[in-house]
Amino acid sequence: MKTMKEVIWVILFLSGWLNAQNPAPVREPAVAGMFYPDDPKILNQTIDEYLSKAGVVVEGEIAGLVSPHAGYVYSGPVAAWSYRQIQGRNYDVVVVIAPSHFEPFRGASVFGGEYYSTPLGKIPVAQDIVRQLADISPHVQISEKGHHISFSGRGEHSLEVQLPFLQRVLGNFRLVPIVVADQNWYAVKDLGEALSDVLKGKNFLIVASSDLSHYHSYNTAYKLDHELLDLFASFKYQKLVEDCEARQIEACGYGPIAAMMYACSKLGYSKSKVIKYATSGDVPLGEKTKVVGYMSGAVYK
């Protein structure tokens, strides 16, 4: 006789397996109306306001960005600095790599459906590149893990919140949506190598979705985060992973950051720049006793 907990795990396993075999054609928004406005007009106005307060500080050819993924009221002003750098530029394909906060699985999960949707419209998934990634790397699976909305109605936010910004600044592009669960150096290197193989010769952008330290005092967060910012600025992406794994510094998406940097480096982009840093304590609704750190950054040549 199975316990209720065992029954629930069986149901979750079968649900995940079925989703992997039969991906939904459209990944509908999971956090619109919570992390960002669900009304298209208000959403555009909100993003435009954030962008109007950001400046262009990177003039080179940008291949990679780091952007935070909290609710827009907290991290939107920082995210805007990343997206302001590419406003009006053109990319044929955009890879967004984000960490899984709620669903455990192995490796990296790439959505195999046709579209990722936001209140601003549907973004076509680059299914040819998705298949190539899965063929190249045994650690990359075509799956809804990390993408689908759970029985409780909860869905991963870290990838989704990047998309309205991208839609606003770029217009049309094809998307490769990746959610990662394993963030150790071996997994990061494997994903970075696979991305460099499939993106070679293409007009691409890789966005790494990550917040930094979580729930420290303002001063402690500032110290921890600037150690990570220094590693990013000096292009030491392997040490960034190692120090996060050792809990010396913090970033929930350190794997996505390092995978983006590794892939870009193999494709000839070896400069990195921290564009903006702030915390949740820097906005009107924030408080400074327990803050989350946010950065925007770029990799370019």
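The basis for the numbers below is simple: all heavy atoms, side chains too, and nothing from hydrogens, waters or symmetry mates. Positions are given from 1 along the sequence.
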Just wondering, do Val96 and Val176 contact through their side chains at under 4.5 Å, heavy atoms? no

Indicate, with yes or no, if Tyr269 and Val274 share a hydrophobic cluster defined by side-chain heavy-atom contacts under 4.5 Å among Ile, Leu, Val, Met, Phe, Trp and Tyr. yes

Between the side chains of His148 and Glu103, is a donor N or O closer than 3.5 angstrom to an acceptor N or O? yes

Test item: Gln167 side-chain N/O and Gly121 main-chain N/O as donor-acceptor pair under 3.5 Å: yes

Any side-chain to backbone donor/acceptor pair from His226 onto Leu224? Under 3.5 Å, distance only. no

May I ask you to test the Pro177-Arg27 pair for a side-chain heavy-atom distance under 4.5 Å? no

Here the pair of heavy atoms bringing Ser210 nearest to Ala251 is OG-CB, 3.6 Å

Using only atom types and a distance under 3.5 Å, with no angle test, would you say the side chain of Gln127 pairs donor to acceptor with the backbone of Gly113? yes

Gap between atom CD1 of Ile62 and atom CD1 of Ile206 - 0.5 Å precision: 13.5 Å

Nearest heavy-atom contact between Val161 and Phe35 is CG1-CB, 3.9 Å

Minimum heavy-atom separation for Asp190 to Pro138, with atom names? OD1-CD, 4.4 Å

Atom CG of Asn172 with >12 non-hydrogen neighbours under 6.0 angstrom: no

Ignoring hydrogens and angles, tell me if any N or O in the side chain of Glu156 forms a donor-acceptor pair with the backbone of His101 under 3.5 Å. yes

Quick check: Tyr72 with Phe165 (ring centres under 6.0 Å apart)? yes

Sequence neighbours excluded and cut-off under 3.5 Å, please list the side-chain donor-acceptor pairs for residues 294-301, or say none.
residue	atom	partner	partner atom	Å
Ser296	OG	Lys276	N	3.2

Does a side-chain heavy-atom distance below 4.5 Å link Tyr277 with Val78? no

If every non-hydrogen atom of Ile86 is compared with every non-hydrogen atom of Leu170, which pair is closest and at what distance? O-CD2, 3.7 Å

Are any of the side-chain heavy atoms of Pro124 and Leu175 separated by less than 4.5 Å? no

Nearest 0.5 Å, please: how far is CG in Leu195 from CD1 in Ile97? 5.0 Å

What pair of heavy atoms forms the shortest contact from Ala263 to Ser196, and how long is it? O-CB, 4.0 Å

Lys288 side chain vs Tyr218 backbone, donor-acceptor pair below 3.5 Å: no

Going by atom types alone, do Ser109 and Gln141 pair a side-chain donor with an acceptor below 3.5 Å? no

Flag, side chain of Thr46 to backbone of Ile42, donor-acceptor distance under 3.5 Å: yes

Pick one: which of Leu228, Leu231, Ile257 meets side-chain contact (heavy atoms from CB on, under 4.5 Å) with Cys244? Leu228

Qualifying residues under ring pair (Phe, Tyr, Trp, His ring centres under 6.0 Å), relative to Tyr116, sequence neighbours excluded: Phe111, His147

Here's a test for you: under side chain to side chain donor-acceptor pair (under 3.5 Å), which of His69, His157, Glu160 qualifies with Ser209? His69

For residues Pro29 and Tyr36, determine if any side-chain heavy atom of one lies less than 4.5 Å from a side-chain heavy atom of the other. yes

Output, in order, the C-alpha distance, side-chain angles, deciding distance and verdict of side-chain contact (heavy atoms from CB on, under 4.5 Å) for Phe173 and Leu166. CA-CA 9 Å; Phe173 60 92; Leu166 285 164; 3.7 Å; yes

Rounded to the nearest 0.5 Å, how far does OG of Ser75 lie from CG of Asp211? 6.0 Å

Going through the checks in order, is the side-chain contact (heavy atoms from CB on, under 4.5 Å) test met by Arg131 and Ile142? CA-CA 8 Å; Arg131 289 191 295 269; Ile142 299 175; 4.2 Å; yes

Mind running salt bridge (charged side-chain N to carboxylate O under 4.0 Å, His left out) on Asp92 and Lys202 for me, showing each step along the way? CA-CA 7 Å; Asp92 297 329; Lys202 293 181 172 62; over 6 Å; no

Under a single-linkage definition using a 4.5 Å side-chain heavy-atom cutoff for Ile, Leu, Val, Met, Phe, Trp and Tyr, are Ile178 and Leu163 assigned to the same hydrophobic cluster? yes

Could you check Gln85 against Val56 for side-chain contact (heavy atoms from CB on, under 4.5 Å), going step by step and ending with a plain yes or no? CA-CA 5 Å; Gln85 310 311 305; Val56 176; 3.8 Å; yes

Checking Leu65 against Leu205 for the side-chain contact (heavy atoms from CB on, under 4.5 Å) test, could you report, in this order, the C-alpha distance in whole Å, the side-chain angles of both residues, the deciding distance, and whether it holds? CA-CA 8 Å; Leu65 293 176; Leu205 175 72; 4.1 Å; yes

If you count the non-hydrogen atoms of other residues, nucleotides and ligands that lie under 6.0 Å from CZ in Phe235, is the total more than 12? yes

How close do Phe204 and Cys264 get, counting heavy atoms only, and between which atoms? CE1-SG, 4.4 Å

Are Val110 and Val26 connected in the hydrophobic side-chain network, where two residues link if heavy atoms are under 4.5 Å apart? no

Ser265 side chain near Tyr237 side chain, heavy-atom distance below 4.5 Å: yes

Do Val241 and Leu229 share a hydrophobic cluster (ILVMFWY, side-chain heavy atoms under 4.5 Å, transitive)? yes

With no hydrogens and no angle check, is any side-chain donor or acceptor of Ser158 less than 3.5 Å from a backbone partner on Ala98? no

Give, for atom CG of Leu120 and atom CG of Asn44, the distance between the pair rounded to the nearest 0.5 Å. 5.0 Å

Contacts of type salt bridge (charged side-chain N to carboxylate O under 4.0 Å, His left out), residue Lys223, not counting sequence neighbours: Glu227

Determine whether Ile47 and Leu51 make a side-chain contact, defined as any pair of heavy atoms from C-beta on separated by less than 4.5 Å. yes

Thr220 side chain vs Ser217 backbone, donor-acceptor pair below 3.5 Å: no

What is the distance from atom CG of Asp243 to atom CD1 of Ile249, rounded to the nearest 0.5 Å? 5.0 Å

For atom CZ of Phe102, decide whether the heavy atoms of other residues, nucleotides or ligands shown that lie under 6.0 angstrom number more than 12. yes

Can a donor-acceptor pair be found, under 3.5 Å and without considering hydrogens, that links the side chain of Asp38 to the backbone of Ala32? no

I'd like to know if Arg174 and Asp128 make a salt bridge, using a cut-off of under 4.0 Å between side-chain N and carboxylate O. yes

Which is it for Asp48 and Arg168 under the salt bridge (charged side-chain N to carboxylate O under 4.0 Å, His left out) test, yes or no, and what are the steps along the way? CA-CA 8 Å; Asp48 287 349; Arg168 194 61 178 158; 2.6 Å; yes

Does Asn203 reach the main-chain N or O of Asn90 with its side chain, forming a donor-acceptor pair under 3.5 Å? yes

I need the Glu287 CD to Thr279 OG1 distance, nearest 0.5 Å. 9.5 Å

Hey, does Phe232 have a side-chain heavy atom less than 4.5 Å from the side chain of Lys273? no

Atom CZ of Arg89 with >12 non-hydrogen neighbours under 6.0 angstrom: yes

Is it true that Gln45 and Glu49 share a donor-acceptor pair across their side chains at a distance under 3.5 Å? no

